[in-house]
Amino acid sequence: EDCGQMSAWYIFSAMGFYPVNPANGVYVFGSPAVNSAVIHLPGNKIFTLKTINNTKANVYIQSVTYNGKPYTKSWFTHAMLMNGGEFILTMGDKPSGFGKNSIDFKAQTALNYRGELIELSRKEAMLLKLLLENKNEVVPREKILQAVWGYNVYPTTRTVDNFILS
């Protein structure tokens, strides 16, 4: 029993995107099985994904536009989905350079701060998560290192003693 996760993945995948890691709020593009998908959101917002040249042979994304502007990343955030908008994927039968720019590919997590999308590395995201979980408390250096590096490390130089987020 997968509690419906396989069917949820299929629906996402058929629309042309899916959450690789559902916890980080980032979706990656795939190869859509449909020519158009519409999601009706709260506040009368609409998220649409359309395709051009979508056939069984054309499984590779050639280019993407988001709200009429070129979009080069192979991923987008949950905040973008919830804000509504329109993605148009142009498909082709050969791999293209879409999504291969290292700066577009590197993000593992993104933070929507006052309407601005801020890309975070895995280490920055882990530190932010730790600070948010311990709001208004002093977070000891060892706990920070554990969150950022994933295991206990004790460097010989002490650059940071504690953080506090208030």
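All values below come from the heavy atoms of this structure, side chains included, with hydrogens, waters and symmetry mates left out.
Counting only heavy atoms from C-beta outward, the side chains of H78 and V26 never approach each other to under 4.5 Å. Between Y18 and V28, the closest side-chain pair of non-hydrogen atoms falls below 4.5 Å. Counting heavy atoms from C-beta outward, Q62 and N53 have side chains that stay 4.5 Å or more apart. Taking 4.5 Å as the limit, every side-chain heavy atom of K50 sits out of range of all side-chain heavy atoms of L89. In this structure the side chain of T55 never reaches within 4.5 angstrom of the side chain of M91, judged on heavy atoms.
Between I61 and G30 the shortest heavy-atom distance is CD1-O, 3.5 Å. The two residues V59 and S31 make their nearest non-hydrogen contact at O-OG, 3.3 Å. The minimum heavy-atom distance linking L49 with M15 is given by the pair CD2-O, 3.1 Å. Of all heavy-atom pairs between I46 and H40, the closest is CG1-ND1, 3.9 Å.
With sequence neighbours left out, the ring pair (Phe, Tyr, Trp, His ring centres under 6.0 Å) criterion links Y60 to no other residue. Remark: Y71 engages no residue in a side chain to side chain donor-acceptor pair (under 3.5 Å) (not counting sequence neighbours). Remark: A33 engages A14 in a side chain to side chain contact (heavy atoms under 4.5 Å, CB included) (not counting sequence neighbours). Residues forming a ring pair (Phe, Tyr, Trp, His ring centres under 6.0 Å) with F98 (at least two apart in sequence, or on another chain): none. For N35, the side chain to side chain contact (heavy atoms under 4.5 Å, CB included) partners are T51, N54, not counting sequence neighbours.
Separation of the Y27 and F12 ring centroids falls under the 6.0 Å cut-off. Under the 6.0 Å cut-off for aromatic ring centres, F76 and Y66 do not qualify, their centroids lying 6.0 Å or more apart.
At distances below 3.5 Å, at least one donor-acceptor pair connects side-chain atoms of T77 with backbone N or O atoms of M80.
In this structure, V34 is not a member of the same hydrophobic cluster as L81, with clusters built from ILVMFWY side-chain heavy atoms closer than 4.5 Å.
Across W9, F47, F29, W75, a single residue satisfies ring-ring contact (aromatic ring centres under 6.0 Å, His included) together with F17, and that is F47.
A side chain to side chain donor-acceptor pair (under 3.5 Å) check over residues 87-96, counting only residues at least two apart or in different chains, returns nothing.
A distance of 7.0 Å separates OG1 of T65 from CD1 of I52, quoted to the nearest 0.5 Å.
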